[in-house]
Amino acid sequence: CRTIHYENPLNVVGTVPHLGDKVLLCKRNIEPRRGKWTLPAGFMELGETLEEASARELREETGLVLAPSELRLYSLGSITQINEVYVAFRASVSDACCAPGPEALDVRFFSEAELPWDQVAFPRANYSIQMAYDDIRRGRFGLYLAQHDRGELVDQFAHLVESDRC
């Protein structure tokens with residue numbers, strides 16, 4: 001009777017793998033948005049670190065095997081409408097050898113110009129894919145706090161640099 005029932009957000013982890021100026025996306029084989037392109041991502045499982053979960057999802061969806069230590073924190077955010085916390089890592093890869101797992105119909109490295117933007121699974125998150133291309137082009141990666149409700153990413157490194165000037 002006096003039990004507290006907690007309702008907590010789900011933790012989603014993902015990776016932005018890139019090879020040169022191309023980003024790896026997978027075509028979903030599951031709902032929602034089956035047949036649409038997305039970054040490799042999924043739900044964290046009990047007993048995993050953030051990096052382990054992200055490396056597992058990357059392997060399961062794309063066949064790309066990276067050690068958790070090869071992943072670099074890239075962005076975090078809350079998607080309050082669906083009660084999820086999202087943590088994304090980035091990884092530079094040297095080999096395009098990958099293959100779709102059971103949750104993917106296809107996997108492919110896309111340049112920014114090649115990406116079928118109208119076929120992205122979650123269009124409200126296009127800004128995060130765009131930011132990855134911008135960072136690749138710049139040759140410098142930020143650490144972003146995603147404001148998903150507003151569709152923007154705030155570079156936390158830039159914020160730290162600005163506050164250090166004061």
Between atom OG of S75 and atom CZ of R90, what is the distance when rounded to the nearest 0.5 Å?
11.0 Å
Flag, side chain of N29 to backbone of P102, donor-acceptor distance under 3.5 Å
yes
Carefully, step by step, assess L71 and L66 under the rule side-chain contact (heavy atoms from CB on, under 4.5 Å).
CA-CA 8 Å; L71 305 177; L66 294 177; 4.1 Å; yes
Answer whether the closest heavy-atom distance between the side chains of I82 and L10 falls below 4.5 Å.
no
What closest approach, in Å, do A53 and M44 show between heavy atoms, and which atom pair accounts for it?
CB-CG, 3.8 Å
Given the rule in the salt bridge (Lys or Arg N to Asp or Glu O under 4.0 Å) test, do D118 and K36 qualify, once you have shown the distances and angles that lead to the verdict?
CA-CA 9 Å; D118 62 335; K36 302 287 185 175; over 6 Å; no
Please check: side-chain N/O of R33 versus main-chain N/O of A121, any donor-acceptor pairing under 3.5 Å?
yes
Tell me every residue that passes ring-ring contact (aromatic ring centres under 6.0 Å, His included) with F89, counting only those two or more places apart in sequence or in another chain.
none
May I ask you to test the L115-I129 pair for a side-chain heavy-atom distance under 4.5 Å?
yes
In the structure I gave you, are the side-chain heavy atoms of T15 and L39 within less than 4.5 Å of one another anywhere?
no
Establish whether Y74 and Y86 are linked, either directly or via other cluster members, by ILVMFWY side-chain heavy-atom contacts under 4.5 Å.
no
So which of F109, F141, F110 actually passes ring pair (Phe, Tyr, Trp, His ring centres under 6.0 Å) with H18?
F141
If the threshold is 4.0 Å, N to carboxylate O, is there a salt bridge linking R56 and E45?
yes
Less than 4.0 angstrom from a charged side-chain N to a carboxylate O is my criterion; do D106 and R108 meet it?
yes
Quick check: closest heavy atoms across L105 and R28, and the distance to 0.1 Å?
CD1-O, 3.3 Å
What I want to check is whether the side chains of S54 and E51 have a donor and an acceptor closer together than 3.5 Å.
no
Heavy atoms only: give me the nearest E31-R34 pair and the separation to one decimal.
OE2-CB, 3.3 Å
Going by atom types alone, do D134 and Y127 pair a side-chain donor with an acceptor below 3.5 Å?
no
Are the side chains of P17 and L58 in contact, using a 4.5 Å heavy-atom criterion?
yes
So, W117 side chain and E112 main chain: donor-acceptor pair closer than 3.5 Å or not?
yes
Looking only at atom types and distance, does a side-chain atom of E57 sit under 3.5 Å from a main-chain N or O of V13, one as donor and one as acceptor?
no
Spell out, as yes or no, whether a donor-acceptor pair under 3.5 Å connects the side chain of S78 to the backbone of T80.
no
Is there side-chain contact between L25 and V107, with heavy atoms separated by less than 4.5 Å?
no
Looking at CG of L19 and OG of S92, how far apart are the two atoms once the value is rounded to the nearest 0.5 Å?
7.5 Å
Passes side-chain contact (heavy atoms from CB on, under 4.5 Å), L50 versus E52? Steps please.
CA-CA 6 Å; L50 292 166; E52 289 168 346; over 6 Å; no
Check: L73 and V87 side chains under 4.5 Å, non-hydrogen atoms:
yes
Verify whether one side chain among D21 and Y133 offers a donor that lies under 3.5 Å from an acceptor in the other.
no
Please check if V16 and V120 belong to a single hydrophobic cluster, counting links between Ile, Leu, Val, Met, Phe, Trp and Tyr side chain heavy atoms closer than 4.5 Å.
yes
In terms of hydrophobic clustering (I, L, V, M, F, W, Y; side-chain heavy atoms under 4.5 Å; direct or indirect links), are W37 and I136 co-clustered?
yes
Would you call K22 and E114 a salt bridge, taking side-chain N to carboxylate O under 4.0 Å as the test?
yes
Checking C26 against T38 for the side-chain contact (heavy atoms from CB on, under 4.5 Å) test, could you report, in this order, the C-alpha distance in whole Å, the side-chain angles of both residues, the deciding distance, and whether it holds?
CA-CA 5 Å; C26 50; T38 188; 4.1 Å; yes
Tell me whether E70 contacts the main-chain N or O of A67 through its side chain, where contact means a donor paired with an acceptor under 3.5 Å.
yes
Polar side-chain atom of R72 near backbone of S69 as donor-acceptor pair, under 3.5 Å
yes
Path from V23 to Y144 over hydrophobic side-chain contacts below 4.5 Å
yes
